[in-house]
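Below is one structure, written out as structure tokens; the observations come after it.
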Amino acid sequence: MAGAARRRDGQIAQERMLEEAMAAIAEDGLATLTMSALAERLGTSGGHILYYFGSKDRLLLEALRWSETQLTAERTELLGRRLTAHRKLALFVELYLPRGPRDPRWTLWIELWARTPSNEPLQAAQREIDDGWQRDLEALLDKGVRQGRFAADLDVPARASELLALLDGLSTRVVLGQRGAERDVALERARSAAALLIPHL
């Protein structure tokens with residue numbers, strides 16, 4: 001029983017560190033996030049954080065996983081709602097896009113993409129996360145086809161993959177703060193593109 005309590009305490013400690021890391025990225029950007037700076041925010045030591053994560057790269061990866069786990073729960077809830085396929089697709093797109101230039105999840109994605117080619121654990125994590133979005137979007141489109149909301153001959157895997165690639169590009173522009181790439185503009189463009197790739201019946 002004591003061992004279980006220790007494991008639970010450790011889980012809480014890790015979640016607190018990940019939550020604080022994401023908050024720090026949102027407030028000050030990724031460049032200022034160091035183990036010592038995070039430790040100061042948490043009122044602990046850098047060594048304590050290293051005990052749980054081992055390195056900054058591992059901390060960033062686990063922070064991204066933690067954030068994506070929350071979004072997975074939101075996607076699951078969305079797919080189960082009694083809404084039209086068109087409305088679900090619009091909400092899916094909205095959920096995917098960053099909230100703005102300081103979105104910590106997308107800031108992490110851009111940082112980790114640059115490190116992925118030479119890092120197998122990052123490659124595996126990216127595939128796992130990407131596959132989850134692809135799988136859920138395909139499920140949404142498949143159901144829409146069965147309900148007669150989308151064309152019966154819709155190539156679901158291809159259209160889902162193309163839409164997600166387009167959303168990645170728009171999201172990157174939003175996070176980089178490029179002119180004309182504000183979230184509301186990106187959202188409108190994403191919805192227009194989705195309507196072209198996946199025509200409504």
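Computed from a predicted structure; not experimentally measured.
A donor-acceptor distance shorter than 3.5 angstrom exists from the side chain of Arg183 to the backbone of Pro98, with no hydrogens or angles considered. Without hydrogens or angle criteria, Glu94 side chain to Leu187 main chain gives no donor-acceptor distance under 3.5 Å. Not one N or O on the side chain of Lys143 forms a donor-acceptor pair closer than 3.5 Å with the backbone of Leu79. In this structure a side-chain-to-backbone donor-acceptor pair under 3.5 Å is present from Ser192 to Glu188. With hydrogens and angles ignored, the 3.5 Å screen pairs no side-chain donor or acceptor of Arg149 with any backbone N or O of His200. For Thr72 (side chain) and Glu68 (main-chain N/O), a donor-acceptor pair under 3.5 Å exists by modelled atom type. Side-chain N or O atoms of Lys56 include one that pairs as donor or acceptor with a backbone N or O of Leu33 at under 3.5 Å.
Considering only heavy atoms from C-beta on, Leu108 comes within 4.5 Å of Met22 through its side chain. Using a 4.5 Å heavy-atom threshold, the side chains of Pro157 and Asp155 count as touching. Under the 4.5 Å side-chain criterion, counting only non-hydrogen atoms from C-beta, Leu112 is not in contact with Gln126. Taking the side chain as every heavy atom from C-beta outward, Val174 and Val185 never approach each other to under 4.5 Å. Looking at His48 and Leu42, their side chains never come closer than 4.5 Å, going by heavy atoms from C-beta outward. No side-chain heavy atom of Phe150 sits less than 4.5 Å from a side-chain heavy atom of Arg159.
Between Asp142 atom CG and Arg135 atom CZ the span is 13.0 Å, to the nearest 0.5 Å. Taking CG of Asn119 as the start and CG of Leu61 as the end, the distance is 8.0 Å to the nearest 0.5 Å. Separation of atoms CZ (Arg173) and CD (Glu182) is listed at 9.5 Å; rounding is to 0.5 Å. The distance from atom CG of Leu59 to atom OH of Tyr52, rounded to the nearest 0.5 Å, is 13.5 Å. In this structure, Leu95 CG and Trp133 CH2 are separated by 4.0 Å, a value rounded to the nearest 0.5 Å. With rounding to the nearest 0.5 Å, the separation of CD1 in Ile198 from CG in Leu89 is 5.0 Å.
The two residues Leu97 and Ala190 have their closest heavy-atom pair at CD1-CB, 4.2 Å. Of all heavy-atom pairs between Ala125 and Arg65, the closest is CB-NH2, 3.4 Å. Closest of all the heavy-atom pairs between Ala26 and Arg102 is O-CD, 3.3 Å. Heavy atoms only, all atoms of each residue included: Ala85 and Gln147 are closest at CB-OE1, 4.2 Å. What you find for Ser67 and Arg105 is that their closest heavy atoms are OG-CD, 3.4 Å. The minimum heavy-atom distance between Ala37 and Thr34, with the atom names listed, is N-OG1, 3.0 Å.
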Go through Arg189 and Leu166 one step at a time and tell me if the side chain to side chain contact (heavy atoms under 4.5 Å, CB included) criterion holds.
CA-CA 10 Å; Arg189 290 174 178 168; Leu166 182 142; over 6 Å; no
Given Trp113 and Leu122, is the side chain to side chain contact (heavy atoms under 4.5 Å, CB included) satisfied, shown in steps?
CA-CA 8 Å; Trp113 274 339; Leu122 283 181; over 6 Å; no
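Placement of Leu201 and Val145 in two distinct hydrophobic clusters is found when ILVMFWY residues are connected by side-chain heavy-atom separations under 4.5 Å, directly or transitively. The hydrophobic cluster containing Ile110 also contains Leu60, counting ILVMFWY residues as joined when their side-chain heavy atoms lie under 4.5 angstrom apart, directly or transitively.
Shown are Gln14, Met17, Glu20; of these, the side-chain contact (heavy atoms from CB on, under 4.5 Å) with Ile49 is made only by Met17.
A salt bridge links Glu120 with Arg127: the closest approach of a Lys/Arg side-chain nitrogen to an acidic carboxylate oxygen falls below 4.0 angstrom.
The aromatic rings of Trp109 and Trp106 lie tilted to each other, with the angle between the two planes from 30° to 60°.
Under the 3.5 Å distance criterion, with hydrogens and angles disregarded, no donor-acceptor pair is assigned to the side chains of Glu74 and Gln70.
Around CD of Glu40, the count of heavy atoms belonging to other residues, nucleotides or ligands within 6.0 Å does not exceed 12.
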